[in-house]
Protein chains: 2
Amino acid sequence: MSSTSYPPARNNRTRNRKKPRRDEIPDIVIGRLPIYLRTLRQMTAEGKEITSSQELGQILGISSAQIRKDLSHFGEFGKQGTGYNVTYLCRQLEKILNVDHTWPVVVVGAGSLGTAIANYQGFAKRGFQIVAICDEDPGKIGKEVAPGLVVEDCARLSARIREEGVKIAVIAVPAHAAQRVADMLVEAGIRAILCYAPTTLKVPPSVRVEYIDPVIHFQHMTYYLR
Amino acid sequence: MSSTSYPPARNNRTRNRKKPRRDEIPDIVIGRLPIYLRTLRQMTAEGKEITSSQELGQILGISSAQIRKDLSHFGEFGKQGTGYNVTYLCRQLEKILNVDHTWPVVVVGAGSLGTAIANYQGFAKRGFQIVAICDEDPGKIGKEVAPGLVVEDCARLSARIREEGVKIAVIAVPAHAAQRVADMLVEAGIRAILCYAPTTLKVPPSVRVEYIDPVIHFQHMTYYLR
DNA sequence: TCCATTTCGTACATTTTATCACAATTCAAG
DNA sequence: CTTGAATTGTGATAAAATGTACGAAATGGA
Ligand SMILES: NC(=O)c1ccc[n+]([C@@H]2O[C@H](COP(=O)([O-])OP(=O)(O)OC[C@H]3O[C@@H](n4cnc5c(N)ncnc54)[C@H](O)[C@@H]3O)[C@@H](O)[C@H]2O)c1
Ligand SMILES: NC(=O)c1ccc[n+]([C@@H]2O[C@H](COP(=O)([O-])OP(=O)(O)OC[C@H]3O[C@@H](n4cnc5c(N)ncnc54)[C@H](O)[C@@H]3O)[C@@H](O)[C@H]2O)c1
């Protein structure tokens, strides 16, 4: 640990720095923070105590200035001449991203992808706990697809979302069923959806959807394969 | 089918349009094309023959002007007053993206994710055929993880990449092994990598890497959950 | 203590991306 | 044939994102 403490003491320059309102911080900046956090956690695991915007940029393939500017939207986390305390910056990013506690997550669709997700330890390890999974196939209901995780029917899942205040859901059903599932989730109070179905969903503005479609990535890359 | 043919006949305005060199088309534009293509294919499946930038934009939640401008980098594919012929635009985007034929793909890591990928029909259906899978665990080698797909050892996979000229690979191993695997793949001649391991890889500029990490998406969304 | 070196945070410049808005077409209805 | 509504492709403009460069610390060694 370095001798002086993080965060740095206030000084003339920082005293009057205006804090931007949350909603005017560009989404593209928010989108990079989880990458920074992942890298910092990796450093923590390796026992690294200090890093710099230059080192981070090197690892991530982006400029050091961008990292500094991104972070500067939220405060001053580094120390001139030294860099950033890895643990401290981790904690700060976790607070900013709202991941300084565990989030419960539900999964819809207990097919091959849903089962893989339910069994993946990486979610819980990084703060996202799969608390329930459902499927419309009666043949799957009651099956224990992962340790301690039994497939429920969709009505039950909907009720649990409400009762337990779950905000995050994963859609792992075929594309043709995805919109119907999304409607159900929104109705139940879900606010964030990670959609694996290769389709675009229509949801109210208060709900955020992100998509994972590996084929999209393949097709993006093949453009450059000549 | 509409009475007149796509593409539209050339006219004064188009005659002198300069075609931008491939390498100066913004990557962010390329990144949207697969989304357009996916939507158009969906329309094809629904029997829709004509669409418009407005309709596409509505579905995708982006502006019609952006869609028109994106497409305009590559030519003129629509007809004023009418819109776009779905089939024709599909074919054009497939050519542009270089997905007017099937690409062979190899997978490294035959764990739970690798197995799910190997079994997923959605890749082949959209032009990406998993032709081989490998694992370093001797206990997994020889197992048939999907119909017609037997786990090989990594040296054999490397040889096949070379022999068969495979250009695209998926990394589905734990993060700590990912860089080693990437080095092997690059050495074997792979040019595009889809990495599921939650880490950032170092590869030469001639190789493109894209990442899928669901936790990154969760963390992006939790920022907005207050 | 002083100096050389490192690194941050940020004002300003540049580049990139998105939007606007309109002439040119297309087509169908009357 | 004429009119009106719809839609494209694109130059001009606006907005957003990124990069540059530097003053202000912080550190460690002479
Ligand atoms: N398997 C993969 O590796 C993979 C990879 C990328 C994307 N995907 C996508 O993820 C989705 C699921 O893929 P999969 O391979 O698990 O498919 P799958 O057919 O194995 O499983 C889908 C499951 O969803 C259930 N389901 C269907 N409609 C439902 C509804 N309305 N409510 C609740 N459950 C419903 C089905 O009963 C089935 O169990 C698909 O959209 C697929 O394109 C899968
Ligand atoms: N399972 C999921 O749903 C999921 C979701 C997102 C991301 N991931 C990520 O995908 C990766 C794989 O996850 P998983 O659940 O399949 O893990 P897993 O442990 O089930 O499988 C990993 C496999 O990789 C093999 N392996 C390890 N080192 C190797 C090497 N050098 N060469 C070849 N094979 C090697 C192991 O023998 C094992 O079979 C991990 O990085 C994980 O974080 C998994």
Side-chain angles (χ1 to χ4, degrees), chain A residues 1-20 24-32 36 49-58 60-86 88-89 92, chain B residues 1-20 23-32 36 50-58 60-86 88-89 92:
Chain A
M1 190 68 184
S2 73
S3 57
T4 49
S5 68
Y6 286 81
R10 302 221 133 197
N11 58 24
N12 283 338
R13 192 155 38 75
T14 56
R15 197 170 296 134
N16 297 323
R17 204 177 59 79
K18 83 148 189 276
K19 188 173 180 179
E24 58 189 30
I25 294 167
D27 183 65
I28 196 166
V29 171
I30 308 302
R32 281 189 292 262
Y36 302 163
E49 294 185 351
I50 301 288
T51 187
S52 65
S53 59
Q54 191 163 43
E55 185 180 40
L56 276 169
Q58 183 93 66
L60 298 175
I62 63 187
S63 79
S64 61
Q66 177 150 83
I67 291 171
R68 293 199 302 278
K69 175 157 282 195
D70 285 351
L71 296 177
S72 78
H73 283 100
F74 303 97
E76 303 189 345
F77 307 115
K79 198 185 286 184
Q80 287 151 324
T82 306
Y84 301 94
N85 176 295
V86 174
Y88 176 73
L89 186 52
Q92 297 310 305
Chain B
M1 191 69 187
S2 72
S3 57
T4 49
S5 68
Y6 285 81
R10 302 221 133 194
N11 58 25
N12 283 338
R13 191 157 37 76
T14 56
R15 198 168 296 134
N16 298 323
R17 203 178 58 79
K18 85 148 189 275
K19 188 171 181 180
D23 65 319
E24 57 190 29
I25 294 166
D27 182 65
I28 195 160
V29 171
I30 309 301
R32 282 189 292 261
Y36 302 162
I50 303 289
T51 187
S52 65
S53 59
Q54 190 162 45
E55 185 181 40
L56 275 169
Q58 184 92 66
L60 297 176
I62 63 188
S63 79
S64 61
Q66 177 151 83
I67 291 171
R68 293 199 301 279
K69 177 146 278 191
D70 284 352
L71 296 177
S72 79
H73 283 99
F74 303 96
E76 303 189 345
F77 306 115
K79 197 184 286 182
Q80 286 154 326
T82 306
Y84 302 93
N85 175 295
V86 173
Y88 177 72
L89 187 52
Q92 298 309 305

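In the text below, chain A, chain B and the rest are named by the order of the sequence lines, each starting its count at 1. Every value quoted in this text rests on a predicted model; they were computed, and no experiment measured them. Worth knowing before you read on, the calculation uses all heavy atoms, side chains too, and leaves out hydrogens, waters and symmetry mates.
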In this structure, are over 12 heavy atoms from other groups packed under 6.0 Å from B:Gln54 atom CD? no
Under 4.0 Å between a side-chain N/O of A:Arg32 and OP1 or OP2 of D:dT18, yes or no? yes
A:Arg68 and A:Ser72, any side-chain heavy atoms less than 4.5 Å apart: no
d(CD, B:Glu76; C1', D:dT7) in whole Å: 13 Å
Distance check needed: D:dT10 P versus B:Ile25 CD1, whole Å only. 13 Å
Please give, in whole Å, the distance from D:dG19 C1' to A:Ile67 CD1? 14 Å
When all nucleic acid strands are considered with a 4.0 Å heavy-atom cut-off, which category describes A:Ile28: base, sugar-phosphate, or nothing? sugar-phosphate
For B:Asp27 and D:dT18, give me the distance from atom CG to atom P, rounded to whole Å. 13 Å
To the nearest Å, give me how far apart CG (B:Asp70) and C1' (C:dT16) are. 13 Å
Return the 5'-most residue of the pair B:Tyr84, A:Lys69 with respect to DNA chain D, ranking by each residue's nearest nucleotide. B:Tyr84
How do B:Ser53 and A:Ser63 order along DNA chain D: which one's closest nucleotide is nearer the 5' end? B:Ser53
Which atoms form the tightest heavy-atom contact between A:Arg32 and A:Asp70, and what is the distance? NE-OD2, 2.6 Å
Taking 4.0 Å as the cut-off, does a side-chain nitrogen or oxygen of A:Gln80 come that near to OP1 or OP2 on D:dA24? no
Closest non-hydrogen atom pair between A:Phe77 and A:Leu89, with its separation: CB-CD1, 3.7 Å
Expressed in angstrom and rounded to an integer, what is the separation of A:Gln66 atom CD from C:dT15 atom C1'? 13 Å
Atom pair distance, as rounded to whole Å: CZ in A:Arg68 and C1' in D:dT18: 13 Å
Is A:Gln54 near enough to C:dT7 that one of its side-chain N or O atoms lies under 4.0 angstrom from OP1 or OP2? yes
Find which nucleotide of DNA chain C each of B:Ala65 and B:Gly81 is nearest to by heavy atoms, and output the residue with the more 5' nucleotide. B:Ala65
Determine: side-chain N/O of B:Thr82 to OP1/OP2 of D:dT7, distance under 4.0 Å, yes or no. no
Grab the NE2-C1' distance between A:His73 and C:dC8 for me, whole Å please. 16 Å
CA sep, side-chain torsions, deciding dist, call: B:Val86, B:Ile50, side chain to side chain contact (heavy atoms under 4.5 Å, CB included): CA-CA 5 Å; B:Val86 173; B:Ile50 303 289; 5.6 Å; no
